[in-house]
Amino acid sequence: MKQQLESLVLHAVDTLKTEGVLESELQPKITIERAREQQHGDFASNIALLLAKPAKMNPRQLAEKIVAHLPAAAAVIKVEIAGPGFINFFIDPGAQYQVITQIHALGQQFGLSQVGAGKKVQVEFVSANPTGPLHVGHGRGAAYGSAVADLLAAVGFEVQREYYVNDAGRQMDILATSVWLRYLEECGELLTFPSNGYRGDYIHEIAADLRREVDNEYRHPIALVFEDIPADAPQGGDKEKHIDALIARAKTLLGDKQYRAIFQAGLKGILADIRQDLSEFGIEYQTWFSERSLMEDGSIDEALKRLDAAGYLYEKSGATWFASSRLGDEKDRVVVRDNGQSTYFASDIAYHMNKLDRGFDQIINIWGADHHGYIPRVRAAMQALGADTDKLTVQLVQFAVLYRGGEQVQMSTRSGSFVTLRQLRNEVGQDAARFFYVMRKAEQHMDFDLKLATTKTNENPVFYVQYAHARVCSVFKQLEDKNLQRDIPLGEQNLAKLTEAQEIKLVMTLSRYPEVLQRAALQYEPHLLINYLRELAADFHSYYNAHQFIVEDDAVRNARLNLISAVKQVLANGLGLLRINTPEAM
RNA sequence: GCGCUUGUAGCUCAGCUGGAUAGAGCAUCGGCCUUCUAAGCCGAGGGUCGCAGGUUCGACUCCUGCCAAGCGUACCA
């Protein structure tokens, strides 16, 4: 409908151009908006206001000229000029009702579109270091990222969901060493666990599994392990030096092969846990991309070579630097340390080069807000590699602060209080977790109230929307109990009998769904869909309370049943897209 | 210090990318169940859109400057 009106207005503007009223170079963006007030009709255009200045005309006069040149259209029953020069369109209700028939015909397909057809996008999200279970902060990125990916797929994009596995670097060495030390404990050795090691229960589990698998093969006397190791922080030493020395000791005592085996055991164990956690949360990735693979297949060297060829690398005090400050970053960055090791940033340059080489039209990175300072240097790297930086979108997700009632929940690993995504899902349930995470726009700091998410009252928006769905189902059950048959064609013939205020409002809201979906997808704002579903549910609840659906009059009854089954369908489509359940009874 | 994000009703947040009288939920107050689920509905009160300028027919929205909060500012990942 919107597009139809746009072409009408465009046609009128073109006519005015040929008549010389408007200059022919003008290429106005025709925008049709849904009117907010009923008295302003159904749709409105501000075109006359926009063109008034270049045309050197009074906006109302211009509006009159535009209206005079509008081609006739069956669905438009009235056009008015209002306010400073808005053109308001009134649509034939009969045309609006068609959406109900359309929803029935399309079913689950209703709302889907093809605006993204033929375009490949990649959404990379979560990508938490595989050093422990996902916590509640990752949950938001997970829910948001998967919603964005699903929305993009719904409007026709070919979407690839990817998890970047940071399986290289010092953190992973600390993990491997932590596993080994716990393994030694399993073997019966007594030791003081490093203060900087990973202390979670999951390390014990991985170590125990390892012991079962290899028995005492990786065992070394504890005296030898700790011989000449600098003191840990609690003993007045330096925790970093302590752990680094232990890592080095592990490598020398175990040798390359055994060390790698332990490293892999730790990585695999944790990754399997993360994978399962996400899968239970309704998230499946197409690819798990290994950082280590970039080192092994020479991608990092290749990336650095390309940066060097482009003249962006230089040496200073033993290290290799990328001149990112020439491309908008606040300062230059090290890519190869003076000890010869490449930095994490070097991996990331190679990773983004790899993404570009895979031919995506759009690369979407979903990062925690604490990584924002990282964006300029990645952009700089892409630019230096000669890529179109517009292809990269970074969506920042702010942290969620947990509350239980009015109390803030402390999220420290040490205190052992509420930290993991799994615990959150168990406490509030899958549906509430997803709904609450996505309810706010990503860049908004969020308060997540656990108590609210679990209450079964009107305070809880998840139930509010699900309840609307269940209520429709309940009506149809009642219909059955009363031995009444639904007559869909009869209902379709009588849609014009839906003249109550609540019915007209509901039809309008239903017809907006495809636009909402498209906007939510293209702007990476799934919260728009949530807001819409709440509004649709509200419109339905109002209707439910104001009127009976199962009435004597066959024509009215079937028309109403068609309307509410359309409501049910759209609620199911929207919630389904967000992977939230649609219960038939509550 | 510099950078990014945020600042809208008592609280939590929307606000369609510059439009017409700034909206919702919670909380508060008052109503609605012998009729399809009251996890619901109807109504009332509640606002200097952080502050001050500017741009224009028009600004919560864009620009500048302040103020406040969070985060970042590594040869860590």
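Note that these values count all heavy atoms, side chains included, but never hydrogens, waters or copies made by symmetry. We name chains A, B, ... by the order of the sequence lines, and we start the count at 1 in each one. As the structure is a prediction and not an experimental result, all values here were calculated from the model.
- Close to B:A38, at under 4.0 Å from its OP1 or OP2, lies a side-chain N or O of A:R471.
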Contact pattern, 5' to 3', of nucleotides 5-10 of chain B - B, S or - by protein heavy atom under 4.0 Å = BS----
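- Of the side-chain N and O atoms in A:Q478, one or more sit less than 4.0 angstrom from OP1 or OP2 of B:U37.
- Helical stems involving RNA chain B, defined as 3 or more consecutive Watson-Crick or G-U pairs under 3.5 Å, span B:1-7 with B:67-73, B:10-13 with B:23-26, B:28-32 with B:40-44, B:50-54 with B:62-66.
- Between the CG atom of A:N46 and the P atom of B:U61 there is a distance of 18 Å, rounded to whole Å.
- Residues A:Y351 and A:E291 bring no donor and acceptor atom of their side chains to less than 3.5 Å of each other.
- We find that NZ of A:K316 is positioned 13 Å from P of B:A74, with the value rounded to whole Å.
- Taking both residues in full, the closest heavy atoms of A:A143 and A:Y437 are given as CB-CB, 3.5 Å, listed atom of the first, atom of the second, then distance.
- The side chain of A:S542 contributes an N or O atom lying less than 4.0 Å from OP1 or OP2 of B:C42.
- Contacts of A:A319 with the nucleic acid, taken as non-hydrogen atoms under 4.0 Å apart, include base atoms.
- Counting atom types as modelled, A:D370 pairs no side-chain N or O with a base atom of B:G72 as donor and acceptor under 3.5 Å.
- The side chain of A:H372 lies closest to B:G72 when the candidates are B:G72, B:U35, B:U12.
- Among the atoms of the strands shown, base atoms are found under 4.0 Å from some heavy atom of A:H547.
- Taking 4.0 angstrom as the limit, A:H40 places none of its side-chain polar atoms (N or O) nearer than this to OP1 or OP2 of B:U21.
- Distance noted for atom C1' between B:A22 and B:C16: 14 Å (whole Å).
- Both A:E584 and A:N531 lie close to RNA chain B; mapped to their nearest nucleotides by heavy-atom distance, the more 5′-ward contact belongs to A:N531.
- Between A:A442 and A:F549, the residue anchored nearer the 5' end of RNA chain B, judged by the nucleotide with its closest heavy atom, is A:A442.
- For the 3.5 Å distance criterion, the side chains of A:N365 and A:H352 qualify, holding a donor opposite an acceptor.
- Judged purely by distance below 3.5 Å, without hydrogens or angles, the side chains of A:S565 and A:R486 pair a donor atom with an acceptor atom.
- Residue-to-nucleotide contacts include no donor-acceptor pair under 3.5 Å from the side chain of A:H541 to the base of B:C41.
- Residue contacts shown for A:T131 are absent, as no nucleic acid heavy atom lies under 4.0 Å away.
- For A:Y544, no side-chain nitrogen or oxygen approaches OP1 or OP2 of B:U35 to under 4.0 Å.
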